[in-house]
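Here is the structure we will look at.
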Amino acid sequence: MTDPIPTERKRVWTTPANVALCAVGDIADPGSRGFVLQIRDAHFHGFVVQKGGEVAGWVDRCPHMGFPVAVVPDRYLTPDGRVILCGWHGAVFDPIGGKCVGGPCAGARLTPWPVAVVDGIIRTA
């Protein structure tokens, strides 16, 4: 008997509004955290960055080749917290603006994932 061939999970690129993700204090400043949300029969992969008291959400997909940004879970920022680093091909992005400031997709942008802080909780917007 052979094992069934695994199928790739269906992906979605947006989320419903007002889904509670975590307390803003659960993410260091600077810091980041990844999230996978199941939406019906598909999954959304995104991450949230906090830097300088600002919070931004991004779809976890590098514009260079479409790979997830982090190689290690929750490790989206460089060790000094200055930029987002795609662990696959070295593209670097502004953590709050999402613009690629160096690497193979310079000038491109991460896809925004609308999030907001409401009463100390990071929620989808």
Side-chain angles (χ1 to χ4, degrees):
M1 182 178 239
T2 60
D3 292 331
I5 297 172
T7 57
E8 188 173 326
R9 294 194 303 188
K10 288 183 4 182
R11 300 268 314 252
V12 292
W13 307 105
T14 60
T15 58
N18 206 32
V19 175
L21 300 172
C22 68
V24 72
D26 290 345
I27 301 177
D29 187 354
S32 59
R33 183 170 171 189
F35 296 90
V36 177
L37 305 178
Q38 184 169 352
I39 301 171
R40 291 180 278 296
D41 64 340
H43 292 84
F44 170 86
H45 296 253
F47 65 99
V48 173
V49 173
Q50 181 171 208
K51 184 172 182 194
E54 292 186 74
V55 173
W58 304 106
V59 173
D60 194 358
R61 185 174 190 214
C62 180
H64 172 229
M65 293 197 61
F67 292 1
V69 174
V71 175
V72 176
D74 298 330
R75 196 170 299 165
Y76 294 92
L77 297 177
T78 53
D80 63 8
R82 289 187 36 213
V83 292
I84 295 168
L85 172 65
C86 178
W88 298 102
H89 300 110
V92 291
F93 301 87
D94 174 73
I96 302 301
K99 183 177 180 180
C100 183
V101 294
C105 56
R109 292 188 176 276
L110 294 170
T111 301
W113 176 29
V115 297
V117 178
V118 179
D119 296 328
I121 303 296
I122 300 173
R123 297 181 169 277
T124 59

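Below, all heavy atoms of this structure are taken into account, side chains as well, without hydrogens, waters or symmetry copies.
Separating the OG1 atom in T78 from the CD1 atom in I84 is a distance of 9.5 Å, to the nearest 0.5 Å. Atom CZ of residue F35 and atom CZ of residue F47 lie 11.5 Å apart, to the nearest 0.5 angstrom. With values rounded to the nearest 0.5 angstrom, R61 atom CZ is found 7.5 Å from T111 atom OG1. Taken to the nearest 0.5 Å, the CG atom of L85 stands 9.0 Å off from the CZ atom of F93. Taking CG from L21 and OG1 from T15, the interatomic distance works out to 7.5 Å, rounded to the nearest 0.5 Å. Of the inter-residue distances, the one linking H43 atom NE2 with Q38 atom CD reads 4.0 Å to the nearest 0.5 angstrom.
Ring geometry for H64 against H89 counts as perpendicular: the plane angle is over 60°, on a 0 to 90° scale with 30° as the lower cut.
Nearest heavy atom pair, residue S32 against residue L77, reads OG-N, 3.9 Å. Scanning both residues, C22 and R33, for their nearest heavy atoms gives CB-NH1, 3.4 Å. Of all heavy-atom pairs spanning K51 and D29, the tightest one is CA-OD1, 3.1 Å. Across P95 and R82, no two heavy atoms sit closer than the pair CG-O, 3.3 Å. Across G90 and P104, no two heavy atoms sit closer than the pair C-CD, 4.3 Å. Of all heavy-atom pairs spanning C62 and V69, the tightest one is N-CG2, 3.9 Å.
Linking ILVMFWY residues whenever their side-chain heavy atoms come closer than 4.5 Å, directly or via other members, leaves V92 and M65 in distinct clusters. Under the 4.5 Å side-chain heavy-atom criterion for grouping Ile, Leu, Val, Met, Phe, Trp and Tyr, F44 is not connected to L110 through any hydrophobic cluster. There is a path of hydrophobic side-chain contacts, each under 4.5 Å, that joins I27 to V59. Under the 4.5 Å side-chain heavy-atom criterion for ILVMFWY residues, a single connected hydrophobic cluster contains both F67 and V71.
Side-chain atoms of W88 come within 3.5 Å of backbone atoms of P68 as a donor-acceptor pair (strictly under, hydrogens ignored).
For R109, the CZ atom counts as densely surrounded, since its 6.0 Å shell holds more than 12 non-hydrogen atoms of other residues, nucleotides or ligands. The environment of D119 atom CG is sparse: at most 12 non-hydrogen atoms of other residues, nucleotides or ligands sit within 6.0 angstrom. By the 6.0 Å contact criterion, CZ on R75 is open, its count of non-hydrogen atoms from other residues, nucleotides or ligands being 12 or less.
Partners of T124 according to the side-chain hydrogen bond (donor to acceptor under 3.5 Å, both in side chains) rule, which considers only residues two or more places apart in sequence or in another chain, do not exist here.
Paired with H45 under the rule side-chain contact (heavy atoms from CB on, under 4.5 Å), one option of D60, V12, L37 passes, and it is D60.
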(message) Between Y76 and W58, does the ring-ring contact (aromatic ring centres under 6.0 Å, His included) criterion hold? Intermediate values first, please.
(response) CA-CA 11 Å; Y76 294 92; W58 304 106; over 10 Å; no
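Side-chain atoms of Q50 and V24, non-hydrogen and from C-beta on, do get closer than 4.5 Å to each other.
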